[in-house]
Amino acid sequence: MRQSKLFTKTSKTLPKDEVSVNSQLLLKSGFIDKEIAGVYSFLPMGYRVLDKIINIIREEMNAIDGQEIMLTALQSPQTWEPTDRWDDSKMDVWFKTELKNGSKLGLAPTHEEPLTKLMKKFITSYKDLPVYAYQFQTKFRNETRAKSGILRTREFIMKDLYSFCRNQQELDEYYEKAKAAYVRIFERLGLGDITYVTYASGGTFSKFSHEFQTLCEYGEDLIYINEEKKIAINREIFEDEILSEFGLTKADFVEKKAIEVGNIFKLGTKFSDGLGLQYVDENGERKNVIMGSYGIGPGRVMGTIVETHNDKNGIIWPKEVAPYQVHIVSLGKDEVVMQESEKLYNQLNQAGYEVLWDDRTNLGPGAKFADSDLIGCPIRITVSGKNIEKSQYEVKRRIGGDAEFIPQNDIEAFLDNELK
RNA sequence: CGGGGCGUGGCGCAGUUGGUAGCGCACCUGGUUUGGGACCAGGGGGCCGCUGGUUCGAGUCCAGCCGCCCCGACCA
């Protein structure tokens, strides 16, 4: 991408009341735009990051036999009344509206009911199970208070996978596979070191659910971690009685703030019972399907990455999710510099790298370096007259350290080593 | 939903006792400049959040409403 063609611009200033690091950096760099409180648009660079996060999640969901679908955001009360979740006192985040003819509609805050209802059309026998379906879909939640940039919003994309199993054992096995998939996802997203599988309350059908909590001072959750056993416990179940099951006491844990980036939950028969999703087993008996749900919010993940990967100059994207892997910065407007830059740009594109080229000729070096740091691509290559004379490229990692000078012929080998 | 702060060109802000609405950034034109947010000269751009009130006259005073941020409560 030629930066001169990018319609977004970086900004030097921000509203003084915009406090969260993720909103500051993402707004300043032109990755996102705020429409209203808790409602954000993703602009070209931000959407590239979001898309990369989504694709990593998609690959891991496919790897555990997830079948991707796309359910509807518009929902009818009939779908939700059987489980009593159309009632605003039971589900208090509904956005509700109506058709011209007066029929009530709601914007889906989650999708257990519609998918369970859908599955009634396809699941009748034990031979139809298990089934795992997931989607990346916009959820609408009328939060009383949106806050923290893109960490708590009223409209957001969620990956939600739902499992449909014959029995508890099948669910338990799949649940463990999903948990392992989630661990891989957060590793690939660059959050592995600071993300903890956290025990949380489980509801009617299992003792625990699991949250994926990323350590962050700006997080709104409190968790308790034991590094030795790699165990983390959510605040709501941090009690002596529960800790004793792990052979631990409160003194063995350290309190940390964290952001909940994922959540997996055994639903049991709560929804299949409510909506009548049953199958006939080998003996001809009708049984409720056993369900589970598995959620991640890609937008919140993006905000969490920014909160945990930045310095005073801007964002430091992990290589897996950076909008571009390489940022070529051309200094000056010499014909030679521009020609050499374009040659490198074409070469790296052909080699399969994602390249942002700052080809703008109306800015000084300071402005370009500041923009480059703010945008936060992993590798910056500076092309200037003095480097061209020496047939070398000047390469700097966004994560830090001094610039290195790489002979022009070795640049692809260098990048292979850094990025592959 | 309770408390606090704030709404003025695209963005960030100033605006005194009520009296022609300003500055910086960005933008346009011309010129100089180019290794960490350059400079000079000229130029364009405003329902001052909305509605009503007081007044000869309101960005400024009063009332109501709307919106934004933060803290708290809430967050299958």
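Order of the sequence lines fixes the chain letters, A, B, ..., with proteins taken first and strands second; residue numbering starts at 1 for each chain.
Using a 4.0 Å cut-off between charged side-chain N and carboxylate O, A/Asp371 and A/Arg360 make a salt bridge. Look at A/Lys266 and A/Asp172 and you find a salt bridge, because one of the NZ, NE, NH1 or NH2 atoms lies within 4.0 Å of a carboxylate O, short of that distance. Of the charged side-chain nitrogens involved, none lies within less than 4.0 Å of a carboxylate oxygen, so that A/Glu255 and A/Arg235 do not count as a salt-bridged pair. In summary, A/Glu112 and A/Arg85 engage in a salt bridge, as defined by a charged side-chain N under 4.0 Å from a carboxylate O. For the pair A/Glu155 and A/Arg141, the salt-bridge criterion is not met [side-chain N within less than 4.0 Å of a carboxylate O]. A salt bridge links A/Arg58 with A/Glu68: the distance from a Lys NZ or Arg NE/NH1/NH2 to an Asp or Glu carboxylate oxygen falls below 4.0 Å. Taking 4.0 Å as the cut-off between side-chain N and carboxylate O, A/Lys179 and A/Glu176 count as a salt-bridged pair.
Using a distance-only test at 3.5 Å, with no hydrogens or angles considered, a donor-acceptor pair links the side chain of A/Ser11 to the main chain of A/Thr13.
Which of B/rA26, B/rC1, B/rC68 sits closest to the side chain of A/Arg145 comes down to B/rC1. Here the nucleotide nearest the side chain of A/Ser11, chosen from B/rC11, B/rG37, B/rU34, is B/rC11. Of the candidates B/rG12, B/rC69, B/rC74, the closest approach to any side-chain atom of A/Thr13 belongs to B/rG12. For A/Lys12, counting side-chain heavy atoms from C-beta on, the closest listed nucleotide (B/rC69, B/rC27, B/rG37) is B/rG37. Which of B/rC68, B/rU34, B/rG37 sits closest to the side chain of A/Lys34 comes down to B/rC68.
Atom NZ of A/Lys28 and atom P of B/rG10 are 22 Å apart (whole Å). Summarising the geometry, the separation between CZ on A/Arg154 and P on B/rC75 is reported as 16 Å, rounded to the nearest angstrom. One can place NZ of A/Lys333 at 10 Å from C1' of B/rG31, the figure rounded to the nearest angstrom. One interatomic measurement links the two molecules: CZ of A/Arg398 to C1' of B/rG36, which rounds to 13 Å at whole-angstrom precision. Atoms NZ (A/Lys90) and C1' (B/rC74) sit 18 Å apart, rounded to a whole Å. Between the P atom of B/rC68 and the CG atom of A/Leu27 lies a distance of 14 Å, rounded to the nearest Å. In this structure, A/Leu222 atom CG and B/rC75 atom P are separated by 15 Å, rounded to whole Å. For the pair A/Asn234 CG and B/rC75 P, the interatomic distance rounds to 12 Å; values are reported in whole Å.
For a distance-only test at 3.5 Å, the side chain of A/Arg380 qualifies as a donor-acceptor partner of the base of B/rG36. Remark: the A/Thr144 side chain and the B/rA73 base include a donor-acceptor N/O pair separated by less than 3.5 Å.
Using a 4.0 Å heavy-atom criterion, one finds that A/Leu14 contacts the sugar-phosphate atoms exclusively. Residue A/Asn263 is classed as a base contact, given a heavy-atom separation below 4.0 Å to a base. At the heavy-atom level, A/Thr110 lies nowhere under 4.0 Å from the strands shown. Nucleic acid contact class of A/Asp160 (heavy atoms, under 4.0 Å, all strands): none. Nucleic acid contact class of A/Glu143 (heavy atoms, under 4.0 Å, all strands): none. At a threshold of 4.0 angstrom between heavy atoms, the contacts of A/Ser209 with the nucleic acid are absent.
Separation of the P atoms belonging to B/rG43 and B/rC48 is 25 Å when rounded to the nearest angstrom. Rounded to whole Å, the P atom of B/rG2 lies 26 Å from the corresponding atom of B/rC61. Taking atom C1' in both B/rU51 and B/rG7, one finds a spacing of 16 Å when rounded to whole Å. Atom P of B/rG45 sits at a distance of 16 Å from the matching atom of B/rG9, rounded to the whole Å. Separating the P atom of B/rU54 from that of B/rG67 is a span of 27 Å, rounded to the nearest Å. For B/rG46 and B/rG10, the C1' atoms lie 12 Å apart once the distance is rounded to whole Å. Going from the P atom of B/rA63 to that of B/rG4 covers 15 Å, rounded to whole Å. If you take atom C1' in B/rU20 and the same atom in B/rC25, they sit 26 Å apart, rounded to whole Å.
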Start with the C-alpha distance between A/Tyr324 and A/Trp357, add both sets of side-chain angles, then the distance that settles ring pair (Phe, Tyr, Trp, His ring centres under 6.0 Å), and finish with yes or no. CA-CA 10 Å; A/Tyr324 293 89; A/Trp357 172 25; over 10 Å; no

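For residues 312-336 of chain A, no residue pair satisfies the salt bridge (charged side-chain N to carboxylate O under 4.0 Å, His left out) rule, not counting sequence neighbours.
Nucleotides of RNA chain B nearest to A/Glu220 and A/Ala146 differ in position, and the one nearer the 5' end is that of A/Ala146. Residue order along RNA chain B, read from the 5' end via each residue's closest nucleotide, puts A/Ala37 first among A/Glu260 and A/Ala37.
Phosphate proximity of B/rU34 to A/Lys368: absent, as no side-chain N or O sits under 4.0 Å from OP1 or OP2.
Helical stems in RNA chain B, defined as runs of 3 or more consecutive Watson-Crick or G-U wobble pairs with both donor-acceptor distances under 3.5 Å, are listed by first residue as B:1-7 with B:66-72, B:10-13 with B:22-25, B:27-32 with B:38-43, B:49-53 with B:61-65.
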